Amino acid sequence: MQQIETPQAQPKPRPIPTDSTARASMADSLSKIPPAIPAWNIDERFGERIPIIMDTMFINFHNETLVEGYDVAVAYLGNIGSPAQSRIFFNRPETSQFPVADAFYLYHKRPGNQRFIDTKKPYSNIFYQTGGSSLSKEDRFSGEMAISLNKKLSFGFNADYLYARGYYAYLANKQNNYDLWASYRTDNYQMHAFIANNNYTNAENGGLADDDYLTGNVGGAQINTSKTQEFPVNIESTWNKLRGRHIYLTNKYSLGYRKDDDSETFVPVASIIFTNNYTDQQRRFHTSQPGILSDYYGAATGSNTNSSLTVIDERMSYWSFKNTLAVALNEGFRPWVKFGLTAFIEQDTRKYQIPGEKYPSFSSEQYSQNSTTIGGVLSKDKGRFLHYNLSASFGVLGYNIGESRLTADISSRINIKGKDAIIKADAYIKNLKPTFFENHFMSAYRRIDEDLSDVRRVYIGGEIIIPHTKTRIKGGVENIENYIYYQAPDSAVANIKQAGKSIQVVSLQLDQNFSFRALHWDNQLVFQTSSDESVLPLPKFNVYSNLYIKVKLAKVLGIQLGVDARYFTEYNGPGYDPVTLQFYNQEDQNIKIGNFPLINAYANFHLKKTRFFVMMYNIGKDFNNSRYFSAVHYPINPMIFKMGLSWNFTD
């Protein structure tokens, strides 16, 4: 079977493939060319193994160290590891039950992106990146190890440490994330388990107090733009600290028979699946300068207007214990069984804690929720031409009663000039309950007590992938009712809003790669528009372009030399609120960002099991009057030198 590959101009995060085409195509690829180190993710609800390809390519290795490398366009606070939001609307994940952690979604270890490895020899990898001067240096170190004791049992761990001091005052951040995992697999029984811990510490400065400092011209006076640490900022001595834990276990037992042939291959007929998923998330907001924050936010709520307060220390938390029981009839156990069918019931018990009304005492208020969901999946992943995945889930008891998700995708291979291509259509209808923290949020500077309506989303889209021309075209349109969003910090008590009318979002994406011998030119272009820019502002055009040469010396040293650029059109970009940890709309302030190219020059190298890169970041910093803002009042880093190394060890 011909291997089908999706052209990509830059590396992306590696989420679980949720559509049948991705799963089937990946399975085809791995069965045709078995990887040196088999690896997989698992479906969070059912524990289904989904093969992935281990990242060992040196092409665009430098992008894996950048926040911008996660998507065509990303808004963030300048530092690696800082809160982030995709500028591409359809790439934004759904709001979680703990929204204050959503801004760290690029780094969060969770069931959906946990990687499992099966290796005949012990495998380990060390990764290190660094950049900047001693005062503003950023460092990231990660290590991974996997061991298979036999064909059935494997286990391993991963640790990821990040520390970015920051090029602007009071903007340092630190992360310490790690996980332990194990898998046990036989014909009849499969088990996957892991424990993951996420720890984020993010210093908050509220952005630049005067954006003109970036250009070097403040009130007609010229300043030294190289001393970015001396630029005035809005907030001092303020931190957000988040701690999170996932404990996950899924068991799958299959009933079946062995084929009556020499191979005696086991054929699973039906499976029983039981999944336990525990999560515990905590957030602490601390400042030793409450007066500065009161000036920034306006009047604080309740007793917090007391000027004698010297410290504000707020805590909120969320935990959930979710159990899922599923029964599956497996595809292909007889020649006439052309699909798989799964039914499930899921129980989720949640608890929340927020600061009490009589702040600044350490009293807190606790709330509980229960939710029961039922649903099913009809899918076809096998076969060459037709694949589909239809799923439905309904909240039937508890807080989520009335919530529903109906999703569908269908795909097929088609022939274009004698070669395979993939064509796909997908759609969903969702009725989503607002999360607890969207309705209730208590802080010295924010008080939200709402009764928001359900959010209704209807989407339809399509995609065509033509590997032999290195082309991918993707488009979609969505209608959103009761869209929830945040507004800029001011003296208002609440800053969460809900749109009173429907909003339509239209997006069209083109990925097109060109090559001639050693010369390559990879491109991604995304057009998107919103019917209400005051509620949902989006940059109309987002571009990533990468021009490079790729050669191999002495048949052992791979070299990629190039320059890449990112660009998005000017628009009312998002602001960021340190108290809610949310990106917000600032239409009333009418501050434009964009129309600035982020240009990087780089060199990637690959020698046997070692990859390394060197890069000059933001070499076009003086273009367009040096207004290189990623979010309102938050510039990206100035021109700096970066380097990194990835080293695989296998015994």
Side-chain angles (χ1 to χ4, degrees), residues 1-8 12 15-29 43 45 48 50 71-72 86 88-94 331 338-342 375-394 404-417 419-432 455-481 502-512 524-531 538 542:
M1 184 172 292
Q2 183 178 352
Q3 181 176 353
I4 301 296
E5 297 180 351
T6 303
Q8 290 186 339
K12 295 291 193 301
I16 288 180
T18 55
D19 59 89
S20 56
T21 300
R23 293 194 298 267
S25 180
M26 182 69 74
D28 290 346
S29 300
D43 178 88
R45 176 169 276 161
E48 176 188 358
I50 303 173
D71 211 333
V72 181
S86 176
I88 312 304
F89 178 75
F90 290 148
N91 291 352
R92 297 177 185 175
E94 282 186 17
E331 176 185 359
K338 301 297 184 181
F339 58 85
L341 183 62
T342 302
V377 179
L378 179 69
S379 63
K380 182 180 185 298
D381 290 343
K382 298 180 180 180
R384 177 173 175 78
F385 293 106
L386 180 64
H387 306 108
Y388 55 81
N389 190 67
L390 312 175
S391 67
S393 64
F394 305 93
S404 61
R405 289 176 172 83
L406 305 174
T407 65
D409 68 73
I410 184 170
S411 57
S412 180
R413 299 172 189 262
I414 60 175
N415 187 287
I416 298 180
K417 294 185 178 181
K419 296 185 178 180
D420 271 348
I422 293 177
I423 188 170
K424 168 188 168 183
D426 58 335
Y428 58 69
I429 300 174
K430 299 179 181 180
N431 189 76
L432 306 176
V455 179
R456 290 181 285 274
R457 306 180 62 169
V458 180
Y459 168 85
I460 186 169
E463 180 178 358
I464 183 169
I465 302 170
I466 311 174
H468 59 277
T469 63
K470 301 177 182 178
T471 304
R472 179 190 185 202
I473 302 173
K474 181 179 180 181
V477 58
E478 181 166 0
N479 182 79
I480 311 167
E481 296 182 30
S502 296
I503 302 172
Q504 292 77 44
V505 178
V506 179
S507 178
L508 181 64
Q509 177 171 339
L510 170 65
D511 296 2
Q512 182 62 66
Q524 290 181 292
L525 171 64
V526 179
F527 166 80
Q528 58 183 357
T529 185
S530 165
S531 63
L538 298 170
N542 304 267

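In this text the structure is predicted, and so the values were computed from the model without any measurement.
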Not counting sequence neighbours, which residues clear side chain to side chain contact (heavy atoms under 4.5 Å, CB included) with [X]? List them please.
X	answer
A425	I410
L508	I473
Q528	I88, F89, S507, L538, P539, N542
S391	V377, T407

Whether E463 and R472 form a salt bridge (side-chain N of Lys/Arg under 4.0 Å from carboxylate O of Asp/Glu) is what I want to check. yes

Please identify which of these residues, R456, R457, K430, meets the salt bridge (charged side-chain N to carboxylate O under 4.0 Å, His left out) condition with E481. R456

Contact check, side chains of [X] and [Y], non-hydrogen atoms, under 4.5 Å:
X	Y	answer
I466	H468	yes
F394	L406	yes
E48	D381	yes
I464	K474	no

Residues that Y428 engages under ring-ring contact (aromatic ring centres under 6.0 Å, His included), provided they are two or more places apart: Y459

Who pairs with F527 by ring-ring contact (aromatic ring centres under 6.0 Å, His included), at least two apart in sequence or on another chain? F541

Under the 3.5 angstrom rule, does the side chain of [X] hit a backbone N or O of [Y] as a donor-acceptor pair?
X	Y	value
K424	S412	no
Q504	I480	no
R413	R384	yes

